[in-house]
Amino acid sequence: ETKEALLEVNNIEVIYNHVILVLKGVSLQVPKGGITALLGGNGAGKTTTLKAISNLLHSERGEVTKGSVSYRGKQVQDLNPAELVKQGVIQVMEGRHCFEHLTVEENLMTGAYTRRDGKGAVAADLEMVYNYFPRLKDRRKSQAGYTSGGEQQMCAIGRALMSRPETILLDEPSMGLAPQLVEQIFEIVKSVNEGEGVTFLLAEQNTNVALRFAHYGYILESGRVVMDGPAAELRENPDVKEFYLGVS
Ligand code: ATP
């Protein structure tokens, strides 16, 4: 009775620079319509896993040397990031990556550049994004480089939404943000998930917040999944509490 996975990662191995084995056989299943969290400390391999899925490893001299990635049952590991966007999968990279010299609204519009469904639909989606991120509407005319870290993170997620994705791969949304903002961003992710049915796979070091908002979690350590389960169960697991939640 397990829901069929929309995105499936099967036993992938990733090597950097031909010698550094970083992922040692990682498997994940991301069900449609869910929020799945990829957890683990610094260097555990979360970013590498997301980049392996969206084929962004080449520029880092990394390659998938074993295993496969499939989306809606089709192998996708040979698609480039743009082709993957057409399949409905988009990655929001760590560190936000807004175009600093464009305004917030121009940044959002760049997310829609491959769409062919007309200006009306794009305009409607811009309103949809502003609905989820009222803060971006206030700042729409500001140059992105002059907005706060939280606003840039919102802008990056909003831009991804403008491509009308089915799935968003979100890398470390909490990075560098004050706790209150982290909470806000996760609240918005949750409402986008519920309101638009967007599937999320998010990499996050902040286990506490991720497990409160995700439905399911995978914990990575040194390139291996060491534990996985429904978020509510992981939150109650004594090892997770001790090693990842800082309580015992
Ligand atoms: P972080 O939260 O710091 O991004 P992470 O769990 O996402 O951590 P990765 O960034 O995937 O971890 O890194 C996993 C391991 O791979 C680390 O040991 C890192 O040093 C190594 N690594 C990452 N990128 C490269 C690269 N381009 N070349 C060589 N090694 C790399």
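FYI, side chains are in, hydrogens and waters are out, and symmetry mates aren't considered; it's all heavy atoms of this structure. Counting convention: from 1, in listed order, for ligands and their atoms alike.
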Sequence neighbours excluded and cut-off under 3.5 Å, please list the side-chain donor-acceptor pairs for residues 118-127, or say none.
from	atom 1	to	atom 2	distance (Å)
Asp125	OD1	Arg164	NE	3.4
Asp125	OD1	Arg164	NH2	3.0
Asp125	OD2	Arg115	NH1	2.7
Asp125	OD2	Arg115	NH2	2.9
Asp125	OD2	Arg164	NE	3.0
Glu127	OE1	Lys137	NZ	3.2

Contact check, side chains of Asn193 and His215, non-hydrogen atoms, under 4.5 Å = yes

For ligand 1, would you mind listing the residues that have at least one heavy atom less than 4.0 Å away, ordered by chain and number?
-> Tyr16, Asn17, Ile20, Val22, Gly41, Asn42, Gly43, Ala44, Gly45, Lys46, Thr47, Thr48, Glu60, Glu94, Glu172, Gln205

Any pair counted as salt bridge (charged side-chain N to carboxylate O under 4.0 Å, His left out), so long as it reaches residues 69-89, sequence neighbours left out = Arg72-Glu166

Minimum side-chain heavy-atom gap Met128-Met162 below 4.5 Å | no

Partner set under salt bridge (Lys or Arg N to Asp or Glu O under 4.0 Å) for Glu221, not counting sequence neighbours = none

Please determine, by modelled atom types, if Thr49 and Tyr218 share a side-chain donor-acceptor pair under 3.5 angstrom.
-> no

